[in-house]
Amino acid sequence: MKAIVVGTGYVGLPHGAICAEYGHKVYAYDINQERIDAYKSGRRDEIEKQINEPGLVPIIQEQLNRNLFFTTDITDEIEGTDVIFMCLNTPPKRGGATDLTYYLNASHHIAKLLAARTDKRRVVVVNKSTVPIGTARKLESILLEHGAENVGVASNPEFLAQGKAIEGSRSPDRVVVGADTTADLQILRGIYSAYVNHVRIRYIETTPETAEAIKYLGNTLLLTYISFWNGVGGRLAESFGNIRMEDLKLGVTADSRISTWGSFVSNGAGGSCFGKDIQSLIYQLKQAGNRADLLESVYEINEYQKSYMFDRAGYEAGFNFNNKTVTMLGLAFKKRTNDMRDSASLKAVEALLAKGVKEIRAYDPLAMHEATRYFDPEQNHLFERIVYCDSVTDALTGSDACYVSTDWEEFRSLSKELRATVQTPYLIMDGRRMLPDYNQLVEDGFDYLPVGGKLLRKAADNTLSLNGAVVESDPAVA
Ligand code: UGA
């Protein structure tokens, strides 16, 4: 089949690549010439500067100019197309509403092109980006307004997690397609023939509005899990002695009704989806005259989590940040991506600067280039205090404390670099519970403050103490 993908960001590019891999002819369209040139070059470094997603580059290289074409003009490609996937950026506005500017501009553009086409075969315009409930209906009216004929609309939300987009596309849990007519559902079945009647994949056909709601409800439930563990489970282990976070998790999630996903306590969930989607859902519920107390609490808990370790460092460890050098390990919102949208590190940097640190020595295996866009000294002169480092060792050099912000695997061996590079007294703030041998570090004189656990500090009498309770080794750090 012939498909056009409108928007080649984190949703559109992997989706287009996978559709091409499944044998469809895919025209990936973007107004950003630099992006399109990078993809067209087929060069790993150029593509990854735009979107870094494991497994994506080989597909692009293999399909480029076979089944996958990149363009900034789809005037000719609109002829004979079966499906148009809308994969536009839908950023949040202040107050939680969704900014549909890019989406609406693209919709009008597509509607005009569809109205002008000579081939009048059925075409379905499909929303893949997360858009408020009722947007497919709005799209339908835009298409009609421009006189596009024989067109349908559908909602087919993307459920992929970044860093696992390719893996997830090849083997999704479910595909949800919301459309009004059997003809349109049939066209989508053609595109997704690999998933229809699959023994494991749930292929769900429903109304456009239900499909839109499924996406919001799914993401906010996932964030609710995370906030529950961070704001309740983690807090218990941080407040009462001798609670082992990993055992607590194990004991609770052993109930087959309770998911293990979300139980990895952290410095708050970031990324372009959770924060934006929950705010949007709160807004949508309130606009419809409802209350959204639960969701408001979930959101607040998650936001506070992004900087609360520094408050704990003050009142639990007695650490004064003023004029100190702090190492920031990880800037991306999670491992395996260079994406910093809504990353916990953004709040953390702001909080550290507000506490008067002299220098932040930052390191991330992938997001260094991205970081310079976020921390522009012209926007805030305090960002001049950020030093971009090219390794963990470089970032630790001369620091008084470090903060693990992203769950990069390479930070699991941080203890080695710490011992070789810094002097105690030294405070380790572990926002991801990454250090397996923290007991040994504490033995060596480091102060260890983990999320989901009390401060660990060697007592004067040489016993490893936790507010009086002797801490046993906990082998199961997540
Ligand atoms: C999320 C959802 O997981 C996808 O299903 C959804 O399709 C996507 O949003 C979207 O709407 O496009 P993503 O934002 O890529 O995917 O990332 P996740 O892997 O879900 O992680 C989000 C954040 O939660 C990260 O900062 C991660 O470190 C954190 N997290 C995750 C935790 O703190 N604890 C956990 O147990 C799991």
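Predicted model, so just to flag it, every value in this text is computed and none were measured. Only heavy atoms go into these numbers, but all of them, side chains included; no hydrogens, no water, no symmetry mates. Just follow the structure's listing: the first ligand is 1, and inside any ligand the first atom is 1.
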Trainee: Go ahead and list the nitrogen or oxygen contacts between ligand 1 and the protein that come in under 3.5 Å, distances to 0.1 Å, or just say none.
Mentor:
from     : atom 1 : to     : atom 2 : distance (Å)
ligand 1 : 5 (O)  : Phe159 : O      : 2.9
ligand 1 : 7 (O)  : Glu158 : O      : 3.4
ligand 1 : 7 (O)  : Phe159 : O      : 2.9
ligand 1 : 7 (O)  : Leu160 : N      : 3.2
ligand 1 : 7 (O)  : Leu160 : O      : 2.9
ligand 1 : 7 (O)  : Lys215 : NZ     : 3.4
ligand 1 : 11 (O) : Lys215 : NZ     : 2.6
ligand 1 : 11 (O) : Asn219 : ND2    : 2.7
ligand 1 : 12 (O) : Lys215 : NZ     : 3.4
ligand 1 : 15 (O) : Gln162 : N      : 2.6
ligand 1 : 15 (O) : Lys334 : NZ     : 3.2
ligand 1 : 17 (O) : Lys334 : NZ     : 3.1
ligand 1 : 19 (O) : Lys334 : NZ     : 2.8
ligand 1 : 26 (O) : Gly270 : N      : 3.0
ligand 1 : 26 (O) : Phe333 : O      : 2.9
ligand 1 : 28 (O) : Arg432 : NH1    : 2.8
ligand 1 : 28 (O) : Arg432 : NH2    : 3.2
ligand 1 : 33 (O) : Ser266 : OG     : 2.6
ligand 1 : 34 (N) : Phe264 : O      : 3.0
ligand 1 : 36 (O) : Gly262 : N      : 3.0
ligand 1 : 36 (O) : Phe264 : N      : 3.2

Trainee: Verify whether one side chain among Tyr426 and Ser399 offers a donor that lies under 3.5 Å from an acceptor in the other.
Mentor: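 Looking only at side-chain atoms, Ser399 and Tyr426 do form a donor-acceptor pair, the distance falling under 3.5 Å.
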Trainee: Could you tell me if Lys347 sits above the aromatic ring of Tyr308, with its cationic atom closer than 6.0 Å to the ring centre and no more than 45 degrees from the axis?
Mentor: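 Not flagged: Lys347 not positioned over aromatic ring of Tyr308.
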Trainee: Just by distance, with hydrogens left out, do Ser171 and Glu167 show a side-chain donor and acceptor under 3.5 Å apart?
Mentor: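 No, no side-chain donor-acceptor pair sits under 3.5 Å.
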Trainee: Would you tabulate the side-chain donor-acceptor contacts of residues 269-277 under 3.5 Å, counting partners in other chains and residues two or more places apart, or write 'none'?
Mentor:
from   : atom 1 : to     : atom 2 : distance (Å)
Lys276 : NZ     : Thr90  : O      : 3.4
Lys276 : NZ     : Thr90  : OG1    : 3.2
Asp277 : OD2    : Asn219 : ND2    : 2.7

Trainee: Are side-chain N/O atoms of Asp311 and Tyr304 paired as donor and acceptor at under 3.5 Å?
Mentor: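 Judged by distance alone, the side chains do pair up.
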Trainee: Using 30° and 60° as the class boundaries, would you call the ring planes of Phe85 and His15 parallel, tilted or perpendicular?
Mentor: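 Judged by the thresholds at 30° and 60°, the geometry between Phe85 and His15 is perpendicular.
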